Amino acid sequence: MNPKYPLYIPSKGRYEIRLTSNYLTYMKVSHYIVIEEQEYDLYLDKTKDNNFVTLLVLDKKYQQEYKTLDDLGDAKSKGPGAARNFAWQHSIDNGFDYHWVMDDNIRTFLRTNKNRQIKVSDGAIFSAMEDFCTRYKNVYMAGPNYFMFVPRKSKIPPFVCNTRIYSCNFIKNDIPFRWRGRYNEDTILSLDILEAGACTVQFNAFLQEKTTTQVIGGGNTEEFYAKEGTYPKSKMLVDVYPQYAKIKHRFGRIHHYVDYTPFKKNKLIRKPEINFDDLPKINNYGMKIKKIK
């Protein structure tokens with residue numbers, strides 16, 4: 001069982017690694033890798049025999065028109081937001097109402113079952129998240145939580161509404177927002193959505209194992225964090241949303257803290273054409289737990 005909507009992975013300088021793409025390939029889930037023109041041959045050499053990968057070359061106009069929310073212009077990388085907006089439009093042009101966009105450094109995807117985190121081997125978790133979100137009018141963005149934020153010995157709900165969605169984003173295409181910001185574009189988009197009164201859904205039933213920031217070269221690590229640390233990205237968020245964000249020292253480095261409590265009032269709105277009474281009480285989407293040697 002695979003997702004109904006297209007999956008995109010913006011990637012730069014990681015043609016040798018391709019963590020997210022490799023795991024999606026293991027899951028037999030087709031996906032796009034969005035790359036810059038000068039790296040096309042490098043990525044092609046590593047993916048040409050992979051039937052689940054399609055390379056998309058980023059249209060440079062998306063970089064030229066991207067809103068960085070600062071006055072540095074082209075003095076430094078504009079981050080992955082332009083490629084994400086390009087993927088967004090690509091999905092619209094191909095007739096889709098939603099799309100997935102993912103960071104390129106996700107090692108695995110998992111399902112939480114009785115507080116155990118179990119690796120998945122096909123795209124059923126994406127299909128399950130899609131079905132849940134598309135039953136509501138106002139779920140603008142959703143995605144799986146990070147595995148380290150779902151501790152095994154804690155009681156955790158299957159999903160949480162109205163918080164930030166990081167690294168693996170399922171997005172409604174017709175919303176009046178786009179990615180913006182040189183840094184922290186995922187938090188900015190989450191706050192854009194929530195401040196407008198719409199909802200986000202973060203799943204704890206489904207998880208992603210993403211590598212820690214600055215561990216793998218390429219991407220934002222090479223463009224930003226290895227040179228300047230994390231202060232500029234936290235400052236940008238505070239500058240854009242000072243009413244919700246503050247700079248703090250967390251996890252051994254400068255970070256940001258966002259107060260999402262004002263958005264608890266945002267409520268899910270069911271689509272009238274869906275009869276929730278007819279939905280199955282339990283649907284495992286064909287998933288079964290198996291030991292793999």
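These numbers come from the heavy atoms of this one structure, side chains and all, not from hydrogens, waters or symmetry mates. Fair warning: this is a prediction, and the values are worked out from it, not measured in the lab.
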* Asked: Taking the six-membered ring for Trp, are the ring centroids of Tyr285 and Phe126 within less than 6.0 Å of each other?
  -> no
* Indicate the atoms forming the closest heavy-atom contact of Ala83 with Val34, along with that distance. => CB-CG1, 4.0 Å
* Mind checking whether Leu110 and Lys119 have side chains closer than 4.5 Å, heavy atoms only? -> yes
* With no hydrogens and no angle check, is any side-chain donor or acceptor of Asn169 less than 3.5 Å from a backbone partner on Gly143? -> no
* Taking all heavy atoms of His31 and all of Ser21, pick out the closest pair and write down the distance. => NE2-OG, 2.8 Å
* Asked: Do we see a donor-acceptor contact under 3.5 Å between the side chains of Arg164 and Asn184?
  -> no
* Does Tyr8 have any side chain to side chain donor-acceptor pair (under 3.5 Å) partners at least two apart in sequence or in another chain, and if so, which? -> His90
* Asked: Tyr98, Leu268: one ILVMFWY side-chain cluster at the under-4.5 Å cut-off?
  -> yes
* Asked: Is Phe170 reachable from Val120 through a run of hydrophobic residues whose side-chain heavy atoms are each under 4.5 Å from the next?
  -> yes
* Flag yes if more than 12 heavy atoms outside Gln243 fall under 6.0 Å of its CD atom; otherwise flag no. => yes
* Structure fact -> Minimal heavy-atom distance between Tyr257 and Asp259, with the atoms involved, is CE2-N, 4.1 Å
* Give the cluster check for Ile106 versus Leu7: same hydrophobic cluster or not, with ILVMFWY residues linked at side-chain heavy-atom distances below 4.5 Å. => yes
* Asked: Going by the side-chain hydrogen bond (donor to acceptor under 3.5 Å, both in side chains) test, which pairs reach into residues 268-281, not counting sequence neighbours?
  -> Asn275-Asp278
* Nearest atoms (heavy-atom pairs only) where Tyr5 meets Thr134 -> OH-CG2, 4.2 Å
* To do: Might you work through the side-chain contact (heavy atoms from CB on, under 4.5 Å) test for Leu24 and Ile9, ending with a clear yes or no?
  => CA-CA 10 Å; Leu24 290 176; Ile9 306 169; 3.8 Å; yes
* Decide whether Thr187 and Tyr166 meet the rule of one side-chain donor and one side-chain acceptor closer than 3.5 Å. => yes
* So, the side chain of Thr200 versus the backbone of Thr163: is there a donor-acceptor pair under 3.5 Å, distance only? -> yes
* Which class fits the ring pair Trp179 and Trp88: parallel under 30°, tilted 30 to 60°, perpendicular over 60°? -> perpendicular
* Asked: So how far is it from Ile274 CD1 to Leu279 CG, rounded to the nearest 0.5 Å?
  -> 7.0 Å
* **Any pair counted as salt bridge (charged side-chain N to carboxylate O under 4.0 Å, His left out), so long as it reaches residues 122-139, sequence neighbours left out** => Lys4-Asp131
* How long is the span from the CD1 atom in Ile171 to the OG atom in Ser91, to the nearest 0.5 Å? -> 8.5 Å
* **Where Asp104 and Pro10 come nearest, the two heavy atoms and their spacing** => CB-O, 3.8 Å
* To do: Could you label the plane-to-plane angle of the Tyr140 and Phe177 rings as parallel, tilted or perpendicular, counting under 30° as parallel and over 60° as perpendicular?
  => tilted
* **Over 12 foreign heavy atoms within 6.0 Å of NZ, Lys114** => no
* Under a 4.5 Å cut-off applied to non-hydrogen side-chain atoms, are Leu237 and Leu191 in contact? -> yes
* Asked: Side chains of Gln117 and Glu209: do they bring a donor and an acceptor to under 3.5 Å?
  -> no
* Regarding Lys78 and the six-membered ring of Tyr66, is the cationic atom NZ or CZ under 6.0 Å from the ring centre and inside 45° of its axis? -> no
* Structure fact -> Using a 4.5 Å side-chain heavy-atom cut-off and chaining through intermediate ILVMFWY residues, the residues clustered with Ile33 come out as Tyr15, Ile35, Tyr40, Leu42, Tyr43, Leu44, Val53, Leu55, Val57
* Would you say Asn138's side chain and Ile269's backbone share a donor-acceptor pair under 3.5 angstrom? -> yes
* Nearest heavy-atom neighbours spanning Asn22 and Ile17 -> ND2-O, 3.0 Å
* Any chance CG of Asn94 has more than 12 other-residue heavy atoms, nucleotides or ligands included, within less than 6.0 Å? -> yes
* Asked: Given the rule in the ring pair (Phe, Tyr, Trp, His ring centres under 6.0 Å) test, do Phe276 and Tyr136 qualify, once you have shown the distances and angles that lead to the verdict?
  -> CA-CA 11 Å; Phe276 280 68; Tyr136 299 92; 5.6 Å; yes
* Structure fact -> Those residues at least two apart in sequence (or on a different chain) that pass side-chain contact (heavy atoms from CB on, under 4.5 Å) with Asn266 are Asn162, Leu194, Cys199, Phe263
* **Heavy-atom side-chain contact between Leu189 and Arg84 under 4.5 Å** => no
* Could you tell me whether the side chain of Arg182 and the main chain of Ser77 form a donor-acceptor pair under 3.5 Å? => yes
* Decide yes or no for Ser30 and Thr54: does some side-chain heavy atom of the first lie under 4.5 Å from some side-chain heavy atom of the second? => no
* Asked: Is there a donor-acceptor pair under 3.5 Å between the side chain of Arg18 and the backbone N or O of Thr47?
  -> no
Please report, to 0.1 Å, the donor-acceptor pairs under 3.5 Å made by any side chain of residues 144-161, with sequence neighbours excluded.
residue : atom : partner : partner atom : Å
Asn145  : ND2  : Gln202  : OE1          : 3.3
Asn145  : ND2  : Asn204  : OD1          : 2.9
Tyr146  : OH   : Ser167  : OG           : 2.5

* To do: Might you work through the side-chain contact (heavy atoms from CB on, under 4.5 Å) test for Lys67 and Arg178, ending with a clear yes or no?
  => CA-CA 10 Å; Lys67 296 178 180 179; Arg178 288 298 182 269; over 6 Å; no
* State, yes or no, whether a side-chain contact exists between Met236 and Lys233 at a heavy-atom distance under 4.5 Å. => no
* Should Phe203 and Ile125 be regarded as members of a common hydrophobic cluster, given that ILVMFWY residues are connected when their side-chain heavy atoms come within less than 4.5 Å of each other, either directly or indirectly? -> yes
* CA sep, side-chain torsions, deciding dist, call: Tyr244, Glu195, side-chain hydrogen bond (donor to acceptor under 3.5 Å, both in side chains) -> CA-CA 10 Å; Tyr244 305 122; Glu195 194 174 52; 3.3 Å; yes
* Flag the pair Val139 / Lys172 as yes when at least one side-chain heavy-atom distance between them is below 4.5 Å, and no otherwise. => no
* To do: With Leu19 as reference, evaluate Arg14, Arg107, Lys210 under the side-chain contact (heavy atoms from CB on, under 4.5 Å) test and give the passing residue.
  => Arg107
* Please lay out, stage by stage, how Asp192 and Tyr241 fare under the test side-chain hydrogen bond (donor to acceptor under 3.5 Å, both in side chains). => CA-CA 9 Å; Asp192 287 343; Tyr241 276 114; 2.5 Å; yes
* Residue pair Tyr183 / Lys235, side-chain heavy-atom distance below 4.5 Å -> no
* Under the salt bridge (Lys or Arg N to Asp or Glu O under 4.0 Å) rule, what do Lys48 and Asp41 come out as? Steps first, then yes or no, please. => CA-CA 10 Å; Lys48 60 187 176 184; Asp41 289 338; over 6 Å; no
* Short N-O contact, Glu36 and Lys12, less than 4.0 angstrom -> yes
* Are the side chain of Asp103 and the backbone N or O of Asn105 linked by a donor-acceptor pair below 3.5 Å? -> no
* Give, for atom CZ of Phe109 and atom OG of Ser121, the distance between the pair rounded to the nearest 0.5 Å. => 13.5 Å
* Side chain to side chain, Met129 and Trp100, heavy atoms closer than 4.5 Å -> yes
* Joint cluster assignment, Met1 & Met27, ILVMFWY side-chain distance < 4.5 Å -> yes
